[in-house]
Amino acid sequence: MSNPKLSQFRRIVVKVGSSLLIDAAAGEVRASWLAALAADIAKLHNEGKDVLVVSSGSIALGRSRLKLPGGTLKLEESQAAAAVGQIALARIWSEVLGDHGIGAGQILVTLQDTEERRRYLNARSTITKLLEWRAVPVINENDTVATNEIRYGDNDRLAARVATMTSSDLLVLLSDIDGLYTAPPGTNPNAKLIPVVNAVTADIEAMAGAAESELSRGGMRTKIEAAKIATSSGTHMLIASGKIEHPLKAIADGGPCTWFLTPANPVTARKRWIAGSLEPKGTLTIDAGAVTALRAGKSLLPAGIIRVDGQFARGDAVVVRGPDMHEIGRGLVAYDADDAEKIKGRSSSDAAQILGISGRAEMIHRDDLVVGGQRGADGGR
Ligand code: GLU
């Protein structure tokens with residue numbers, strides 16, 4: 001299979017590491033490099049693609065602005081440094097994207113925001129809305145509240161979670177190295193760049209373990225972890241050097257990089273993930289008309305629901321049953337059990353009136369629904 005081209009993707013997450021963004025000696029952002037990257041992002045954006053940025057740098061920038069001495073920071077010190085750095089980082093992104101007439105929207109997430117279903121749905125709605133408004137979400141971990149026990153720690157895996165959360169079709173990790181090598185390229189003259197990885201095997205993991213990479217937290221190992229998350233959920237990933245100016249243009253022009261290809265298409269993989277990874281918290285029993293609609297690929301509306309069982313919250317996984325109690329599928333529900341009970345059997349406009357809010361029209365959106373037969377035999381992620 002020939003490698004994909006940047007131009008064929010519709011939603012791209014670009015992860016930028018601290019060591020690229022911040023000039024450690026000067027303690028400041030590498031402004032001209034960042035301006036060139038912003039020009040690349042603007043080009044993709046103007047071609048109609050959705051672009052999301054995952055930007056590190058809050059702690060490094062805060063540290064230099066506060067003129068903190070070298071050495072390891074204690075937890076509260078790195079949290080406080082991040083508070084100073086993040087505000088500066090947000091301003092810089094806003095300016096460089098603003099120069100191209102693009103609005104930047106800051107999103108700071110914690111681990112729970114992607115691992116708890118309800119919060120996951122919530123974060124996803126916000127990001128999706130920003131994209132709909134043609135803004136560029138600029139995302140980082142909320143380092144001011146993240147603790148050592150509960151945090152991503154590295155933005156490689158965070159970026160992969162963001163990419164799968166938003167059904168992005170490509171994740172670009174800009175690194176200080178242009179891809180995965182067979183051996184550490186600095187010390188081994190026979191080391192070769194691997195242009196394509198079709199599956200993250202034990203051999204590939206071993207190469208990552210050996211390869212020397214970034215100064216920042218990531219390194220190659222978390223990039224391989226990111227590749228596993230991305231490719232098993234339908235997102236292609238690539239690692240390329242961010243040390244050059246216009247790194248995205250270089251990729252588009254066929255410059256060196258390592259592609260990690262996903263075997264699946266995004267929707268199928270996401271649905272496998274829904275079906276395979278969650279404990280159902282309740283059951284929705286639906287009428288025959290709704291069964292037909294679901295099998296035809298439609299969303300589940302409140303009108304088709306005849307019975308609600310279980311104590312579930314918005315975003316939890318539930319089982320959907322037909323009138324004969326046969327399981328039709330599973331999905332992530334958009335309302336909690338109490339609200340679902342109130343609006344079952346009602347039209348979507350009645351539902352909005354009953355709840356006094358204008359929530360989602362669907363009880364389960366078809367993107368969040370796996371109808372029997374679509375569930376992967378392997379359970380997916
Ligand atoms: N969230 C951290 C920061 O912005 C960076 C984590 C990483 O280097 O991957 O400073």
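Counting convention: from 1, in listed order, for ligands and their atoms alike. Scope of the values below: all heavy atoms of this structure, side chains included, with no hydrogens, waters or symmetry mates.
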Out of Gly17, Ser56, Ser19, indicate the one that has the non-hydrogen atom closest to atom 8 (O) of ligand 1. Ser56
Looking only at distances, please establish whether an N/O atom of ligand 1 is found under 3.5 Å from an N/O atom of Ser55. no
Would you check whether Ser58 has a nitrogen or oxygen atom less than 3.5 angstrom from a nitrogen or oxygen atom of ligand 1? yes
Does the pair Glu95 and Arg91 meet the rule for a salt bridge (Lys or Arg N to Asp or Glu O under 4.0 Å), with working shown? CA-CA 6 Å; Glu95 279 173 4; Arg91 175 169 174 204; 3.0 Å; yes
If we count only N and O atoms by modelled type, under 3.5 Å, do the side chains of Asn122 and Ser125 hold a donor and an acceptor together? no
With sequence neighbours left out, write down each residue that passes side-chain hydrogen bond (donor to acceptor under 3.5 Å, both in side chains) with Glu132, or none if nothing qualifies. Lys129
Which label fits Phe9 and Trp259: parallel for a plane angle under 30°, tilted from 30 to 60°, or perpendicular past 60°? parallel
Looking at Ile244 and Ala250, what are the two nearest heavy atoms and their distance? CD1-CB, 3.5 Å
Under-4.0 Å salt bridge between Arg157 and Glu141: no
Touching ligand 1 at all, Gly57? Heavy atoms, strictly under 4.0 Å? yes
Examine ligand 1 and decide if any of its atoms is less than 4.0 Å from a heavy atom belonging to Gly153. yes
Within 4.0 Å of some non-hydrogen atom of Asp154, the atoms of ligand 1 are 9 (O)
Honestly, for Asn155 the part within reach of ligand 1 (heavy atoms, under 4.0 Å) is both
I need the contact type for Asn140 against ligand 1. Using non-hydrogen atoms and a strict under-4.0 Å cut-off, is it side chain, backbone, both or neither? side chain
